[in-house]
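The block underneath contains the structure these notes are about, expressed in structure tokens.
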Amino acid sequence: MTPYDHKKVEKRMRTLWKKEGIYKTKEDISAHKPKSESRKSYVLDMFPYPSGDGLHVGHPKGYIATDVYSRMKQMQGYRILHPMGFDAFGLPAENYAIKNKIHPKKAVDKNIKTFKKQLELLGFNYDWDKEINTTDPRYYKWTQWMFIQMFKKGLAYRSNEPINWCPSCKTGLSNEDVEEGKCERCGSIVEKRPVPQWVLKITDYADRLLQDLEGLNWPESIKESQRNWIGRSEGLLFTAPVKDTELKVRTFSAHFEAFYADTFAVIAPDHPFLPKLVEGTKDETKVLAFADELVKKRAVAGFDELKKPEGIFTGRYIEDPIGNGDLPIWVANYAVADYGTGIVKASCHDERDFAFAKKYGISLKPVLFPEDETAREKVEKLEVCFTDMKKGILSKPKEFEGKRAGDFRKEIADFAVKNGFAERKINYRLRDWVFSRQRYWGEPIPLIFCPECKKSAENSKLQAPDSKQIQNSKFQFSKGEVVNPGWFAVPEKDLPVKLPNVKSYEPTGTGESPLANIKSFIDTLCPECGGPAKRETNTMPQWAGSSWYHIAYCISENLKSQETISKQITNSKFQNKVKNWLPVDLYVGGAEHATRHLIYARFWHKFLRDIGVLNTNEPFERLLHVGLIMAEDGKKMSKRYGNVINPDDIVNRLGADTLRVYEMFMGPFGQQIAWNADGMVGARRFIERVCRLREKILNSKSQDVLQPQNTTRGLETLLHQTIKKVGEDIEMFKFNTAISQLMILVNELEREEYVSRDTYEVLLKLVAPFAPHIADALWRELGNKKSIHVSNWPTHDPTKIVFHRVTMVAQVGGRVRDQFEADLEAGEDAIKEIAAKLPSVKKWLEGKAVVKTIFVKNKLINFVVR
RNA sequence: GCCCGGGUGGCGGAAUGGUUUACGCAGAGGACUUAAAAUCCUUGCCUCUAACGAGGUUGUGGGUUCAAAUCCCACCCCGGGCACCA
């Protein structure tokens with residue numbers, strides 16, 4: 001492969017760009033500029049976690065895309081912000097460090113260096129002045145400050161409830177970190193463990209997170225994932241006394257239409273209320289022991305094993321006010337403690353309840369039936385479980401007898417509320433965000449605990465009696481108020497709370513963070529009373545730093561400032577910067593973040609808006625996800641399979657421009673696709689053709705081949721079509737068709753004896769976003785002093801796109817019989833006349849009667865015959 | 001089980017009611033060359049036919065339409081997400 005030395009060209013161009021500073025972000029903090037001058041485009045990639053393996057060719061696909069996009073935007077006159085940074089806290093970095101016996105900080109620094117070197121080889125237009133690193137104390141000072149604001153607003157609370165615990169990673173996990181009951185990182189089965197945790201009340205934002213999805217320009221699939229994840233369901237909350245006790249029980253039901261069928265209730269085996277419920281019953285110990293066993297079983301059981309119903313009678317009954325008598329309460333393995341109230345009234349109109357009752361001989365009483373008589377009989381005889389709450393016909397209560405349940409959902413709810421059985425309630429599947437990790441490599445949680453202050457706080461406040469707490473709590477017993485007695489935020493002047501540099505940072509496995517062993521870190525003074533106090537030793541999860549990094553890029557200078565954050569954020573300069581860049585106009589990254597990072601960041605952003613730091617509701621206006629590049633064998637690229645392709649090798653052999661063009665040309669951007677080494681040849685050839693076209697340029701201006709040619713496909717038309725299509729396709733992330741259009745143009749230009757300089761320059765500009773090195777090099781060879789990347793994007797002339805002659809299709813009976821040329825906009829009669837004379841059409845019309853003629857202007861004529 | 005995508009040549013894909021297979025890769029034939037590489041040109045779904053042609057063909061089956069890859073119904077397969085969430 002000859003004619004150009006990509007190594008030389010690419011190196012030379014990158015040096016020039018650096019020298020000329022063409023990728024420096026243009027800030028515009030004056031609010032007075034006319035709109036056209038301050039058009040901005042904030043284009044963001046999901047920042048990488050700098051792993052020790054470096055990049056493979058799959059990683060940069062998204063980065064190339066945003067690079068192409070932002071280059072075009074810049075040429076179109078937008079101020080662009082296109083930054084890059086590193087998300088380097090968290091388990092992977094720490095595990096890598098432990099495995100390689102190197103301190104996480106050192107490992108991260110080293111890996112970032114490698115990453116940056118690799119990224120730079122690809123010729124991205126990042127403004128490295130904006131680089132951020134979540135593990136930089138100047139960065140996490142802000143992360144900690146934001147956490148403190150949440151703490152002060154009561155959005156961070158201390159919980160003692162059992163949480164997901166990964167025995168292998170030796171840390172608590174959030175609900176989002178668990179997949180099919182397994183740790184998302186290492187695949188170990190997750191246990192429930194009662195470890196004291198800091199939890200963020202993301203559920204307070206559930207409704208807004210759900211509602212605001214509607215206005216976002218995001219892939220429908222991701223919106224749908226988030227809707228499912230938030231899992232809003234409207235239902236009824238029933239309250240009833242527990243027989244022979246002072247206790248009351250609340251149960252939630254989203255499918256309440258057949259609530260007259262309830263004959264028993266189930267409680268989760270790990271429900272914190274269970275011990276209190278069975279207190280004083282005959283089989284108290286037996287029940288608790290059995291429940292314990294169920295919990296343990298559930299912790300190790302595979303997913304499918306949970307389908308087998310198992311349980312035990314608690315010895316207690318609900319006195320159901322509906323008049324169904326006393327409902328026995330059972331412990332059931334399928335009941336979930338932390339959804340709804342963890343206790344559910346059960347009936348034959350639920351698959352799981354039905355199976356459970358059948359197994360343990362609990363009586364059932366159907367009140368909902370199919371219309372069909374024989375089917376109805378089966379339900380009456382309890383042979384089948386009937387659950388259709390839409391089409392089912394009710395037999396009870398009297399008020400709704402014979403009615404279709406689905407048509408009266410609202411009325412049934414009104415009825416239950418009016419009679420005092422229940423109140424309306426909206427429940428979410430979303431759980432609060434478990435925010436503590438018992439690991440070393442994370443942001444220290446900036447809180448201090450003072451035992452003295454806790455005592456006085458508790459003394460000053462008499463413990464509320466149980467009954468009251470029942471009224472106020474989601475659960476039936478005290479969950480502890482959300483005031484965190486004895487806990488205080490680290491005063492702002494003392495931020496950041498730096499992660500101590502230690503030798504031993506391996507997880508303890510005791511539920512304590514490794515920081516708990518460092519006396520010099522723990523011991524401190526109480527910010528409230530000045531007495532001896534202890535620091536929180538847990539760290540934040542991997543997702544903390546990434547929850548606000550889109551903001552960090554806008555205020556990168558602020559991160560270096562010595563001023564307090566509270567003061568900085570009220571500064572009008574800060575406010576202007578934030579207003580000028582946010583929201584992110586285009587956000588590109590992997591779809592795997594649908595229900596984690598993308599929910600957390602939205603939550604965090606909304607919170608910061610609520611406290612006045614931001615003025616936008618949502619962080620990411622438009623989102624696109626990049627399809628994975630698979631290895632040639634169709635598997636994921638991984639060291640394990642030995643199928644990794646390193647971009648450095650490609651850059652070395654064929655050049656960054658070739659790699660970029662190839663990755664953009666492979667297929668639709670969002671689609672998963674396998675690497676094909678052969679395919680790269682096409683990309684390289686395309687670039688070489690663009691180079692070779694230079695020889696066809698005439699310096700004399702008089703001979704401009706852009707003069708309209710006497711053909712239907714004039715070059716000028718093609719050129720303007722290409723300008724239009726490439727611009728539109730890049731805007732829509734349809735890079736593959738943009739490139740194919742460029743190829744068509746190049747093929748056509750090759751056929752010409754001469755190419756005008758103007759045409760060639762337009763071509764180079766259109767190629768520039770994809771192949772920035774060679775395009776700029778060729779551009780400068782033409783004598784241009786400034787980089788092509790700061791030139792103006794060409795605009796198409798709509799009048800020049802129109803053909804003068806068009807190719808028409810002649811059909812007979814809907815079948816194509818011939819094609820012919822005709823004048824643009826030619827009328828039906830003229831076309832009919834031409835078409836009817838064509839021999840191949842004539843042949844098919846012979847002996848037939850034309851019933852109808854269909855005419856589509858500039859496209860076809862169709863004779864419908866009989 | 002529920003919810004999203006998707007199924008088009010040998011391969012990646014294009015076309016969102018109007019010529020199926022743009023563009024690229026691989027293949028075959030040719031030109032140039034002492035030769036090779038590179039480059040350029042031609043060709044390129046299946047069936048029937050000596051040929052001209054004709055018919056078929058966008059996962060399968062049906063429907064709407066002058067006309068369907070595209071719209072509607074049913075089914076099959078692949079990929080992804082969610083899942084004892086009451």
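Below, chain A is the first sequence line, B the second, and so on; all start at residue 1.
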Closer than 4.0 Å, any side-chain N/O of A/Arg431 to the OP1 or OP2 of B/C85? no
Could you state the atom-to-atom distance from CZ of A/Phe735 to P of B/G12 in whole Å? 22 Å
Distance test, side-chain N/O of A/Arg685 to OP1/OP2 of B/C25, below 4.0 Å: yes
Residue pairs passing the ring pair (Phe, Tyr, Trp, His ring centres under 6.0 Å) test where at least one lies in residues 660-683 of chain A, sequence neighbours excluded: A/Tyr662-A/Trp675, A/Phe669-A/Phe733, A/Phe669-A/Phe735
Nearest whole angstrom, please: distance from the P of B/C23 to the CD1 of A/Ile687. 19 Å
Contacts of A/Phe855 that satisfy ring pair (Phe, Tyr, Trp, His ring centres under 6.0 Å) - sequence neighbours left out: none
Polar atoms only, N or O, under 3.5 Å: list the protein pairs with nucleotides 14-19 of chain B and their distances.
| from | atom 1 | to | atom 2 | distance (Å) |
| --- | --- | --- | --- | --- |
| B/A14 | OP1 | A/Asn736 | ND2 | 3.0 |
| B/G18 | N2 | A/Gln811 | OE1 | 3.2 |
| B/U19 | O2 | A/Gln819 | NE2 | 2.9 |

Pairing check on B/A51: which nucleotide meets the Watson-Crick or G-U wobble criteria with it, both distances under 3.5 Å? none
Produce the list of close N/O pairs, under 3.5 Å, pairing protein atoms with atoms of nucleotides 52-55 of chain B; give distances to one decimal.
| from | atom 1 | to | atom 2 | distance (Å) |
| --- | --- | --- | --- | --- |
| B/G55 | OP1 | A/Arg817 | NH2 | 3.3 |
| B/G55 | OP2 | A/Arg817 | NH1 | 3.2 |

When you check the phosphate oxygens OP1 and OP2 of B/C40, does a side-chain N or O of A/Arg689 lie under 4.0 Å from one of them? yes
Need the pair for B/G18. Rule: Watson-Crick or G-U wobble, both distances under 3.5 Å, any strand; none if unpaired. B/C66
Looking for any heavy atom pair under 4.0 Å, which part of the strands does A/Asn427 touch: base, sugar-phosphate only, or nothing? nothing
Which way is the base of B/G63 turned, syn or anti, if we draw the line at 90° from 0? anti
Just jot down the ring pair (Phe, Tyr, Trp, His ring centres under 6.0 Å) partners of A/Trp229, sequence neighbours excluded, or say none. none
I want to check one thing: is the phosphate of B/C2, taken as OP1 and OP2, less than 4.0 Å away from some side-chain N or O of A/Arg429? no
Contact class for A/Ala335 vs. all strands (heavy atom < 4.0 Å): base, sugar-phosphate, or nothing? base
With a 6.0 Å cut-off on the ring centroids, do A/Trp330 and A/Phe356 count as close? yes
May I ask you to evaluate whether A/Ser233 reaches the phosphate of B/C85, defined as a side-chain N or O under 4.0 Å from OP1 or OP2? no
Within residues 217-224 of chain A, those residues having any heavy atom closer than 4.0 Å to RNA chain B are A/Ser221, A/Glu224
